[in-house]
Amino acid sequence: MVASKSDTYVSPEDYLATEKVNPIEHEYRHGKIYTKAGKSKPHVIIMGNISLLLKNHLRGSGCIPYMADMKVREDTSNFFGSGE
């Protein structure tokens, strides 16, 4: 859920530098920064269950599932997010 957004363009490098010191989690999409809302108890439980299932399924494959708080960049859409 998007709580708020910035209307000025921000470069990916500036976004990443700011995120290192910012205690509030954001997403980056096409030069705009969006503040993410907090997670609910059901959301956290579901993510934990999915992470456990993925970890068991991927065991021995060399792949690592991340449950939360991992910034990923999807190059084709200029998006940074936490993977949710």
Side-chain angles (χ1 to χ4, degrees):
M1 173 184 271
V2 174
S4 67
K5 75 173 191 171
S6 165
D7 287 326
T8 53
Y9 176 82
V10 177
S11 73
E13 295 78 18
D14 288 343
Y15 162 73
L16 290 172
T18 302
E19 281 295 286
K20 287 181 181 179
V21 297
N22 198 330
I24 300 171
E25 188 175 354
H26 298 85
E27 285 190 356
Y28 176 89
R29 295 177 189 236
H30 306 288
K32 304 272 188 222
I33 297 175
Y34 297 86
T35 304
K36 293 178 65 177
K39 295 167 183 69
S40 66
K41 182 177 179 179
H43 176 88
V44 173
I45 291 169
I46 291 167
M47 289 303 298
N49 290 337
I50 290 172
S51 181
L52 180 62
L53 289 171
L54 280 172
K55 182 176 181 178
N56 289 335
H57 180 74
L58 295 171
R59 185 165 293 153
S61 71
C63 295
I64 302 169
Y66 295 102
M67 185 174 107
D69 301 329
M70 177 61 62
K71 293 275 185 223
V72 294
R73 180 176 187 173
E74 205 282 285
D75 287 328
T76 60
S77 68
N78 201 15
F79 167 79
F80 282 95
S82 60
E84 296 179 37

Rounded distance (nearest 0.5 Å) linking atom CD1 of Ile24 with atom CD1 of Ile33: 12.0 Å
From Glu19 atom CD to Glu27 atom CD, the distance as rounded to the nearest 0.5 Å: 9.5 Å
Linked hydrophobic residues, Leu58 as query - side chain contacts closer than 4.5 Å: none
Shared-cluster residues of Leu52, by chain and number - hydrophobic side chains joined below 4.5 Å: none
side-chain hydrogen bond (donor to acceptor under 3.5 Å, both in side chains): pairs with one or both residues in residues 52-61, sequence neighbours excluded: Asn56-Arg59
Contacts of Asp14 that satisfy side chain to side chain donor-acceptor pair (under 3.5 Å) - sequence neighbours left out: Ser11
Under 3.5 Å: donor-acceptor pair, side chain of Tyr15, backbone of His26: yes
With Leu53 via side chain to side chain contact (heavy atoms under 4.5 Å, CB included) - residues at least two apart: none
Under the side chain to side chain contact (heavy atoms under 4.5 Å, CB included) test, residues paired with Ile64 that sit two or more places apart: Tyr66
Minimum heavy-atom distance Ser51-Pro65, with the two atoms named: O-CG, 4.4 Å
